[in-house]
J.: 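The structure is given below, and queries will be raised subsequently.
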2 protein chains.
Amino acid sequence: MTVRKTDTKLPKKRLRPENREQQILDEAVSFFAEKGISGKTRELADRLGITQPLLYRYFPTKRDLIEGVFEKVYLNKLNPEWLKTITDRDRTLQDRLCEFYRSYSAATYRYDWIRVYMFSALMGEEMNRRYTKLIEKEILTPICVELREHCGLPSKKRVSQAELDHIWVLHGGLFYFAIRKHIYHGRVSKNFSVVVERAVNAMLEGTKSISADP
Amino acid sequence: MTVRKTDTKLPKKRLRPENREQQILDEAVSFFAEKGISGKTRELADRLGITQPLLYRYFPTKRDLIEGVFEKVYLNKLNPEWLKTITDRDRTLQDRLCEFYRSYSAATYRYDWIRVYMFSALMGEEMNRRYTKLIEKEILTPICVELREHCGLPSKKRVSQAELDHIWVLHGGLFYFAIRKHIYHGRVSKNFSVVVERAVNAMLEGTKSISADP
DNA sequence: ACACTAGTTTATCAGATGATAAATAAAACT
DNA sequence: AGTTTTATTTATCATCTGATAAACTAGTGT
């Protein structure tokens, strides 16, 4: 069977190194997000419309490419605005947390991000643990402090593991929405904001309520 | 360098097919949970102290072995007692949910289970989607019904996606505890029961509270 | 127009890996 | 004990896959 060359194939344009590297990295993120880290370099090259050895001009080993993908996904994902939002006591905590999760989810609850994140976590990548610790320190601990204030509790002692775990249930519960969507491919509400509002509202009211009596 | 045969090597006992198959399957679960689905058959055989071709006597292909692992992990994981616990209106909902999560977490929040579950999900395995739907139907929907009762709301209409998503935040939030522990290898509280109690209590109180005013 | 530079392809390797066939030996049977 | 059966190993294959080297050619400068 003869192959008809009727497809609109662009006359193989050459790219400048920096552009080609970016192009490869972009496609690699979406490729490995879909296929997992054991995705084959030849298949990635096919998607890019280039030959497999060309990858090795820009990334000496597959591991280097994967690391590029990880970096691209993990890097600069902590927006300094978030801490400001969370600690802005001129607004209600409900309001602040909803805005934070609106912004945070827009940044991270994406197909590529969620999946690469989970693949790297399963691989035991150091980068993942570092990120989780950073979230605890820069986001969850401040939320715990604000939560104390919201519940009318004193805030002298260090935020405990129990307090962190309590807020992790909300944080992880909302993250799990993205897992259900992008990893389980299950049915989820279209409007995530509504889910956030309800969950945050219930958590705040509930936590205040149970902090009162014992 | 000569190898000293000083190791206490048992004189290669033969197993009956059913025993050997079970032994392989048991080790395969823990092996693939750790290494992921791209774990090599030779390495698995090494762990078992057998040769790699022997695996193929019991499982014609690697895929068959993996499917055995999936089945072993997914099968019979839905305890009929759970539904009874959840719907037993002689007890407080707080009490019922805490007991359910105690039992549910003991059954599923295990290193092997959580990881194989996540690997299979990332592979887009049908088994995973089926399981998730089953959880929604047999566990989460009943909880939503009980939650309506708990909040003094009427329960005529069908449980909505919004209601499911709300309870998914709790369910996923608690599941996320296991993800943090077994996938992220992060620091978590020793006593999961305490986390459950607090989260369930806050959710129930909070949801009742926000169901009252609007 | 010619030569040079460097981005890209072609050809190929070496090791890994899933899988198979034949040889071996432990257990079971007579 | 001798024979048969079959669990297990040894040897090996075909293919895949990450990686390398050399050939090729589009673009650039003179």
Side-chain angles (χ1 to χ4, degrees), chain A residues 3 5 7-29 31-70 116 119-120 123 125, chain B residues 3 5 7-29 31-70 116 119-120 123 125:
Chain A
V3 180
K5 293 193 177 177
D7 47 0
T8 41
K9 197 178 279 181
L10 297 171
K12 307 232 171 185
K13 204 184 164 189
R14 293 190 173 185
L15 270 61
R16 312 223 2 220
E18 56 270 28
N19 294 339
R20 180 66 82 188
E21 184 170 334
Q22 268 312 308
Q23 184 211 28
I24 290 175
L25 214 43
D26 287 344
E27 191 66 40
V29 168
F31 176 75
F32 289 116
E34 186 187 327
K35 301 281 180 174
I37 309 305
S38 49
K40 318 305 178 194
T41 54
R42 279 170 179 78
E43 201 182 334
L44 170 59
D46 278 350
R47 283 208 194 180
L48 283 156
I50 62 175
T51 56
Q52 182 246 6
L54 188 55
L55 295 174
Y56 287 82
R57 182 171 182 90
Y58 297 94
F59 300 91
T61 70
K62 184 181 176 181
R63 176 71 203 175
D64 288 321
L65 180 54
I66 298 287
E67 243 145 51
V69 169
F70 286 166
V116 169
F119 278 122
S120 71
M123 288 173 70
E125 285 294 318
Chain B
V3 180
K5 292 193 177 178
D7 47 0
T8 40
K9 199 179 273 180
L10 298 170
K12 307 232 169 184
K13 204 184 165 189
R14 291 194 173 183
L15 271 62
R16 315 231 350 226
E18 55 271 26
N19 294 340
R20 182 64 85 188
E21 184 170 336
Q22 268 312 308
Q23 186 211 28
I24 290 174
L25 213 43
D26 286 344
E27 191 65 39
V29 168
F31 176 75
F32 288 118
E34 186 187 327
K35 301 282 180 174
I37 308 305
S38 48
K40 319 302 179 196
T41 54
R42 277 170 180 77
E43 202 181 333
L44 170 59
D46 277 351
R47 283 208 194 181
L48 284 156
I50 62 175
T51 56
Q52 181 246 8
L54 188 56
L55 295 174
Y56 287 83
R57 183 172 181 89
Y58 298 93
F59 301 90
T61 69
K62 183 180 176 182
R63 176 71 204 175
D64 288 320
L65 180 55
I66 298 287
E67 244 146 49
V69 168
F70 286 166
V116 170
F119 277 123
S120 71
M123 287 172 71
E125 285 294 316

J.: Provide, to the nearest angstrom, the distance between the CD atom belonging to Glu21(B) and the P atom belonging to dT8(D).
T.: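 Roughly 12 Å, once rounded to whole Å.
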
J.: In whole Å, I'd like the distance from the CG atom of Asp46(B) to the P atom of dT9(D).
T.: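 After rounding, the gap between these two atoms is 11 Å.
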
J.: If you look only at pairs with a residue in residues 53-62 of chain A, which of them pass as a side chain to side chain donor-acceptor pair (under 3.5 Å), with sequence neighbours excluded?
T.: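 Listed once each, the pairs are Thr61(A)-Asp64(A).
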
J.: Starting at CG of Leu55(A) and ending at P of dA21(D), how long is that distance when rounded to a whole Å?
T.: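 Rounding to the nearest Å, CG of Leu55(A) and P of dA21(D) are 17 Å apart.
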
J.: Please state how far atom CD in Glu43(A) lies from atom C1' in dC16(D), giving the value in whole angstrom units.
T.: 13 Å

J.: For side-chain contact (heavy atoms from CB on, under 4.5 Å), just list the numbers for Leu48(B) and Leu54(B), CA-CA rounded to whole Å, side-chain angles, deciding distance to a tenth of an Å, and then say yes or no.
T.: CA-CA 11 Å; Leu48(B) 284 156; Leu54(B) 188 56; over 6 Å; no

J.: Where do Leu55(A) and Thr41(A) come nearest, in terms of heavy atoms and distance?
T.: CD1-O, 3.5 Å

J.: Before accepting this row, confirm whether a basic side-chain N of the pair Arg63(B)/Glu125(B) lies closer than 4.0 Å to the acidic partner's carboxylate O.
T.: yes

J.: Do you know which two heavy atoms are closest between Val29(A) and Val116(A), and how far apart they sit?
T.: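 In terms of heavy atoms, the two residues are closest at O-CG2, 4.1 Å.
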
J.: Find the distance Leu65(A):CG to dT17(D):C1' and express it as a whole number of Å.
T.: 14 Å

J.: What does the list of N/O pairs under 3.5 Å between the protein and nucleotides 4-7 of chain D look like, with a distance for each?
T.:
| unit_1 | atom_1 | unit_2 | atom_2 | d |
| --- | --- | --- | --- | --- |
| dT6(D) | O2 | Arg14(B) | NH1 | 3.4 |
| dA7(D) | OP2 | Arg57(B) | NE | 3.3 |
| dA7(D) | OP2 | Arg57(B) | NH2 | 2.7 |
| dA7(D) | O3' | Leu15(B) | O | 3.3 |
| dA7(D) | N3 | Arg14(B) | NH1 | 3.4 |
| dA7(D) | N3 | Arg14(B) | NH2 | 2.9 |

J.: Listing time: all N or O pairs from protein to nucleotides 15-17 of chain C that are below 3.5 Å?
T.:
| unit_1 | atom_1 | unit_2 | atom_2 | d |
| --- | --- | --- | --- | --- |
| dT17(C) | OP1 | Lys40(B) | NZ | 3.1 |

J.: Applying the side-chain contact (heavy atoms from CB on, under 4.5 Å) test to Ile66(A), which of Phe119(A), Phe59(A), Phe32(A) qualifies?
T.: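 Looking at Phe119(A), Phe59(A), Phe32(A), the match for Ile66(A) under the side-chain contact (heavy atoms from CB on, under 4.5 Å) is Phe32(A).
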
J.: Would you name the heavy atoms of Leu25(B) and Gly68(B) that are closest together and state the gap between them?
T.: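 Shortest heavy-atom contact: CD1-C, 3.9 Å.
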
J.: Between Lys40(A) (side chain) and Ser38(A) (backbone), is there a donor-acceptor pair under 3.5 Å?
T.: yes

J.: Take atom CD1 of Ile66(A) and atom P of dG18(D), then tell me their distance rounded to the nearest Å.
T.: 9 Å

J.: State, with a plain yes or no, whether a side-chain heavy atom of Ile37(A) is found less than 4.5 Å away from one of Val69(A).
T.: no

J.: Which whole-number value in Å describes the distance from Ile50(B) CD1 to dA26(C) P?
T.: 17 Å

J.: From CZ of Arg63(A) over to P of dA19(D), roughly how many Å is that when rounded to an integer?
T.: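 Interatomic distance, CZ of Arg63(A) to P of dA19(D): 12 Å.
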
